[in-house]
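The first residue in the sequence is number 1, and the count goes up from there. Just so it is clear, the values below take in all heavy atoms, side chains as well, and ignore hydrogens, waters and symmetry mates.
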Amino acid sequence: MRQCYQRGCLRRTERKAGPDCWVYLWRENDVTGKRVRRTTVIGTVDQYPTSELAQAAVNGLRMQINEDRLRQPGHDILVADLVDHYLQPELSEGIGWHSHATRIVYRQFLTRWIRPHWGNVSICSVRTIAVEHWLRGLLRADGAPLANATKAKIRNLRSELFNHAIRYEWLGQGGNPNYSRLSARKAHADTRSAGTK
């Protein structure tokens, strides 16, 4: 049986000055065990013009609120939820883990390739062979195969994403399915041999 967890409520509220804003409300137990109501501003309607965009922005926060429940066995976490949570602590502007350029590239990889294909899949259902086949079939916008070096970067980001899930104890140690025989060096070898022809 699937366990329930905190969904909270997203509302659009008016301000005396400036554009309307999106506010997220939820309830949780405080240190004494008393049930209390919490609220936080997600952003303005200029930042998130539709409720769908605001809901996507709140997913990472929702994952943080539900961390204890998500650790319980039998709870289903989708790759899309994991991506949303990963964006908050790992790719936020104020975090110094990655350079600005790396954050841009990682966001593109997540939104263009990883989330559209894997978003609705449970993180526990992802299998190594499926990842390998998917990586081999990735194509550029013009329909040509994606360079192996780029595929290797996407694979490495997926691995980092699943290590994030392990760090938050949503997957067990050794639960990272992103081991692939794809080599970035093959792309360099192919480039060199193409240049000598």
Side-chain angles (χ1 to χ4, degrees), residues 4-30 35-71 75-123 126 138-141 146 150 153-171 178:
C4 293
Y5 71 107
Q6 181 71 260
R7 296 298 300 172
C9 175
L10 182 69
R11 290 185 188 162
R12 179 174 173 160
T13 60
E14 293 182 3
R15 291 169 140 179
K16 290 182 181 178
D20 291 359
C21 64
W22 296 103
V23 176
Y24 182 64
L25 303 93
W26 75 98
R27 293 187 184 277
E28 65 184 11
N29 295 334
D30 67 9
R35 199 84 173 143
V36 293
R37 182 175 157 180
R38 306 277 190 214
T39 62
T40 188
V41 175
I42 301 303
T44 67
V45 292
D46 291 342
Q47 294 172 282
Y48 307 107
T50 66
S51 63
E52 290 79 15
L53 291 172
Q55 283 288 356
V58 87
N59 276 342
L61 175 62
R62 187 179 290 122
M63 293 283 289
Q64 287 177 336
I65 293 167
N66 290 293
E67 279 180 19
D68 288 339
R69 289 182 183 94
L70 293 171
R71 288 191 190 101
H75 191 84
D76 227 12
I77 301 170
L78 301 180
V79 172
D81 295 330
L82 177 58
V83 167
D84 291 334
H85 189 270
Y86 176 82
L87 289 170
Q88 296 272 334
E90 302 295 333
L91 297 183
S92 297
E93 287 296 324
I95 305 297
W97 294 118
H98 304 292
S99 71
H100 178 69
T102 299
R103 286 198 301 270
I104 291 172
V105 171
Y106 277 14
R107 284 179 182 275
Q108 287 175 345
F109 286 170
L110 290 166
T111 57
R112 184 171 179 186
W113 283 294
I114 296 173
R115 189 181 184 127
H117 184 84
W118 298 97
N120 292 326
V121 178
S122 165
I123 61 173
V126 177
L138 290 178
L139 302 174
R140 295 186 331 205
L146 206 58
T150 305
K153 289 175 186 173
I154 293 170
R155 178 204 53 209
N156 293 344
L157 174 58
R158 279 186 52 93
S159 185
E160 189 174 319
L161 188 65
F162 276 76
N163 284 339
H164 181 80
I166 292 168
R167 195 163 48 254
Y168 280 86
E169 300 176 15
W170 300 326
L171 278 176
N178 296 286

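The minimum heavy-atom distance linking Gly119 with Leu78 is given by the pair O-CB, 3.4 Å. Between Trp113 and Leu139, the shortest heavy-atom contact is NE1-O, 3.8 Å. Considering every non-hydrogen atom in both Leu53 and Tyr48, the closest pair reads O-CD2, 3.8 Å. Scanning both residues, Val23 and Leu25, for their nearest heavy atoms gives O-CD1, 3.8 Å. The two residues Arg15 and Pro19 make their nearest non-hydrogen contact at CD-O, 3.0 Å. What you find for Ala54 and Leu10 is that their closest heavy atoms are CB-CD2, 3.5 Å.
Under the salt bridge (Lys or Arg N to Asp or Glu O under 4.0 Å) criterion, Arg37 pairs with no residue at all, not counting sequence neighbours.
Relative orientation of the His164 and His85 rings is tilted, given thresholds of 30° and 60° on the angle between their planes.
Once rounded to the nearest 0.5 Å, the distance linking OH of Tyr86 with CG of Leu110 reads 7.0 Å. Interatomic distance, Leu157 CG to Phe162 CZ, rounded to the nearest 0.5 Å: 11.0 Å. Interatomic distance, OH of Tyr24 versus OG1 of Thr39, reported as 12.0 Å (0.5 Å rounding). Remark: Arg12 CZ to Thr50 OG1 distance equals 10.5 Å, nearest 0.5 Å. One finds the CG atom of Asn120 at 9.0 Å from the CZ atom of Arg115 (value rounded to the nearest 0.5 Å). The distance from atom CG of Leu161 to atom CD1 of Ile154, rounded to the nearest 0.5 Å, is 12.5 Å.
Side-chain atoms of Arg107 come within 3.5 Å of backbone N or O of Leu91 as a donor-acceptor pair.
Listed by first and then second residue, the salt bridge (Lys or Arg N to Asp or Glu O under 4.0 Å) pairs involving residues 41-51 amount to none (not counting sequence neighbours).
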Apply side chain to side chain contact (heavy atoms under 4.5 Å, CB included) to residues Arg158 and Val126 and explain how you reach the verdict.
CA-CA 11 Å; Arg158 279 186 52 93; Val126 177; 3.3 Å; yes

Residue pair Tyr106, Glu160: steps toward the side chain to side chain contact (heavy atoms under 4.5 Å, CB included) verdict:
CA-CA 11 Å; Tyr106 277 14; Glu160 189 174 319; 3.8 Å; yes

